[in-house]
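Below is one structure, written out as structure tokens, with a few remarks after it.
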Amino acid sequence: QVQLVESGGGLVQAGGSLRLTCAASGITVSTKTMGWYRQAPGKQRELVATISGAGTTDYVDSVKGRFTISRDNAKNTVYLQMNSLKPEDTAVYYCNTNLYTVDYWGQGTQVTVSS
């Protein structure tokens, strides 16, 4: 049974930082590509960052240099460190992985960045 649980969202001022956590069960994050997505009100869900089982990372251009995706294999957990936050980063952030052809999502965690 795959379960992804996000936490760490909240309200932060522009320029501040948050670290999002995705606690995974039913999968092993060290062997899977994990992703963070976000969805702002009225907008399509956007892929923000990925980390592969081999540790390769990728980011959407708008967060490069500000966000870092990482994992703790011992804790089977994926993180998204978000620095220099901007109001346009405001969204619900979701953890994602794929098993076979099925995408799995967490419940989301709200990030709100005030100007």
For residues 22-33, which side-chain N or O atoms pair as donor and acceptor with protein atoms under 3.5 Å away, sequence neighbours left out?
from  : atom 1 : to    : atom 2 : distance (Å)
Thr31 : OG1    : Thr28 : O      : 2.9
Lys32 : NZ     : Asn98 : O      : 2.2

Looking only at atom types and distance, does a side-chain atom of Thr90 sit under 3.5 Å from a main-chain N or O of Val113, one as donor and one as acceptor? yes
State which residues pass side chain to side chain contact (heavy atoms under 4.5 Å, CB included) with Val92; sequence neighbours excluded, sorted by chain then number. Tyr94, Gln110
Please say yes or no: joined through hydrophobic side-chain contacts below 4.5 Å, possibly via intermediate residues, are Leu99 and Val78 part of one cluster? yes
Donor-acceptor under 3.5 Å (Asn76 side chain, Asn73 main chain): no
Supply the members, apart from Val5, of the Ile/Leu/Val/Met/Phe/Trp/Tyr cluster built from side-chain contacts under 4.5 Å; use none for a lone residue. none
Hey, could you give me each pair passing ring pair (Phe, Tyr, Trp, His ring centres under 6.0 Å) that has a residue in residues 57-88? Not counting sequence neighbours. none
Taken in chain and number order and not counting sequence neighbours, the residues that satisfy ring pair (Phe, Tyr, Trp, His ring centres under 6.0 Å) with Tyr104 are none
Rounded distance (nearest 0.5 Å) linking atom CG of Leu18 with atom OG1 of Thr112: 9.5 Å
Looking at CG of Leu85 and OG of Ser114, how far apart are the two atoms once the value is rounded to the nearest 0.5 Å? 10.0 Å
By side chain to side chain donor-acceptor pair (under 3.5 Å), Ser17 pairs with (sequence neighbours left out) Asn83
Please identify each residue that fulfils salt bridge (Lys or Arg N to Asp or Glu O under 4.0 Å) with Glu46, with sequence neighbours left out. Arg38
Side chain to side chain donor-acceptor pair (under 3.5 Å) with Gln3: which residues, sequence neighbours excluded? none
Would you mind listing every salt bridge (Lys or Arg N to Asp or Glu O under 4.0 Å) that reaches into residues 68-84, with sequence neighbours excluded? none
Treating Glu6 as the side-chain partner and Gln107 as the backbone partner, does any N or O pair qualify as donor plus acceptor under 3.5 Å? yes
Nearest 0.5 angstrom please: Asp89 CG to Ser62 OG, how far? 7.0 Å
Could you name each residue pair satisfying ring pair (Phe, Tyr, Trp, His ring centres under 6.0 Å) that touches residues 16-43, not counting sequence neighbours? Tyr37-Trp105
I want to check something: taking the side chain as every heavy atom from C-beta on, are Asp103 and Asn96 in contact at a cut-off of under 4.5 Å? yes
Could you grab the distance from atom CG of Asp58 to atom OG1 of Thr50, nearest 0.5 Å is fine? 5.0 Å
Could you give me the CA-CA distance, side-chain angles and deciding distance for Val111 and Met82, then say whether side chain to side chain contact (heavy atoms under 4.5 Å, CB included) is met? CA-CA 10 Å; Val111 172; Met82 305 186 297; 3.7 Å; yes
Do Ser70 and Gln81 pass the side chain to side chain contact (heavy atoms under 4.5 Å, CB included) test, and can you show the C-alpha distance, the side-chain angles, and the key distance before you say yes or no? CA-CA 8 Å; Ser70 63; Gln81 179 66 46; over 6 Å; no
Those residues that, when tested against Lys64, pass salt bridge (Lys or Arg N to Asp or Glu O under 4.0 Å) (two or more places apart): Asp61
Residue set satisfying salt bridge (Lys or Arg N to Asp or Glu O under 4.0 Å) with Arg19, at least two apart, ordered chain then number -> none
Any Leu20 side-chain heavy atom under 4.5 Å of Thr109 side chain: yes
Let's go through Val60 and Leu47 carefully: what are the C-alpha distance in whole Å and the side-chain angles of both, what is the deciding distance for side chain to side chain contact (heavy atoms under 4.5 Å, CB included) to 0.1 Å, and is it a yes or a no? CA-CA 7 Å; Val60 67; Leu47 179 61; over 6 Å; no
